[in-house]
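Written out below as C-alpha cells is the structure these notes cover.
Below, all heavy atoms of this structure are taken into account, side chains as well, without hydrogens, waters or symmetry copies. We count ligands from 1, going down the list as the structure has it; atoms in each ligand are counted the same way. Each residue takes its place number in the sequence, starting with 1.
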Amino acid sequence: MDELVAGIRRVTLPLPTRPGHVHAYLLPGEEGWTLVDTGVGLPDAKESWTLELAQAGGRVATVFVTHFHPDHVGASADLHELTGAPVVQGALDYAQCELVWGNPAWSERLVDWFRLQGAPGGVTDELVGQSSVYRPFIRYQRDPVLVEAGEHVDGWKLIAAPGHADGQLCLLRDGILVAADHLLGRITPTVGLWPASRADPLGDYLAALDRTIELDPEIALPGHGDPIEDPAGRARELKQHHRERLDRAADALGAEPQSGYELSFALFGSDLPAAGRRFAIAETLSHLERLVREGAARRVEDDGAVTYTAP
Ligand SMILES: [Zn+2]
C-alpha cells in the first residue's frame, strides 16, 4: 500500500493478464474510506483485502466501482461481504455489467457478433473462448446503489468518462481525478465497439477527453500505472493518437468492401494472439464507426455481414 496526495492510499493488486497489475484507491472521508475499485475476484481476493484493509485501519464506508471490467468490478461482492459497506456503481455501467457477466447467453451473442464483423468460424470460437477466461473470477455485487454522473460520493463529484466503457465514472475533488481507465500514463486505454455498446464509443471518448482538458485537474490517479502529473496534456496526446489511428483507418479503406475483421489486420498487424485480435477488432470498429460519422467511411450491412468502404 502506498500513501499518495491528500491522504489517499493506493493498493496494487495482481492481474493475471497484461498490464499485470491494477490499482484500487482508498479515499479518506469523515465516515470512513471510499474504496475505489476491487481487482479481479481471484480465489484469495478476500484474504488479500483483509490484509490491505487492516494495514489501512478504520472502516470502509463505501465501495465504489468505476466500471464493470473484470479488474475493477471482480471482487465487489467479496468486499461487500468483508466490509458491510454499500457498493455504489453507475446505473448504465451496472446494466452492462449484468448484461455481460450475469448472462449465460452472452458468449453466443459475442460469437454472432464477431461473425457479423467478418471473423471466420474457427476464429470466433477462439476469440470468444478468450473472453470467458475471467468469467469465474467475477463476483460482482448484485443490486448496488445506482448513481449518475454529476452526483457526489462522499464529497467527490462523479464525472462521466465514456469510451473505454460506456458507463465509466471518474471521481473529482480538489483537483484530484481518480481516473480509472479513462486516462492511463503509458498505455492507451482500449476504446472498442462491442455488441450492446453505445454506437460511437470513440466519439464519446474524444468528447470525454475534451471535458478532461476543460476540467484541467492537477493530477490523475489511473487504474494502471503511475499517477499522471499533467492530465490535460495526456488527454491531448490521447486525442492525437486516435487522430492518427483514424487517418490510418481511412487510408486502409477502398472501393472494395472490407469487414472490421479484415481491416483489423491493416491497423494492428497479423501477429496477434486471440485476446489481442479480439480487442483489435473492437478497436478497429470504434474507429470505423467514428469515420462513418465524419463522412470519411461508408458502412454497408447486408446478408449478415457488416463491411466498410471509402465514401
Ligand atoms: Zn482496467
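A ring-centre distance under 6.0 Å is not found for His164 and His72. Close placement of the His182 and Tyr205 rings is indicated, their centers lying within 6.0 Å of each other.
Less than 2.8 Å away from the Zn ion (ligand 1), the protein contributes these N/O/S atoms: Asp71 OD2, His72 NE2, Asp181 OD2, His224 NE2.
For Asp2 and Arg9, the salt-bridge test fails: no basic side-chain N is under 4.0 Å from an acidic carboxylate O.
In this structure, Arg277 is not positioned above the aromatic face of Phe279 in the sense of NZ or CZ being under 6.0 Å from the six-membered ring centre and within 45° of the axis.
Evaluated for a side-chain contact (heavy atoms from CB on, under 4.5 Å) with Trp49, the options Asp78, Val60, Leu35, Asp44 yield exactly one hit, Leu35.
The backbone N or O of His242 sits nowhere less than 3.5 Å from a side-chain atom of Arg290 that would complete a donor-acceptor pair.
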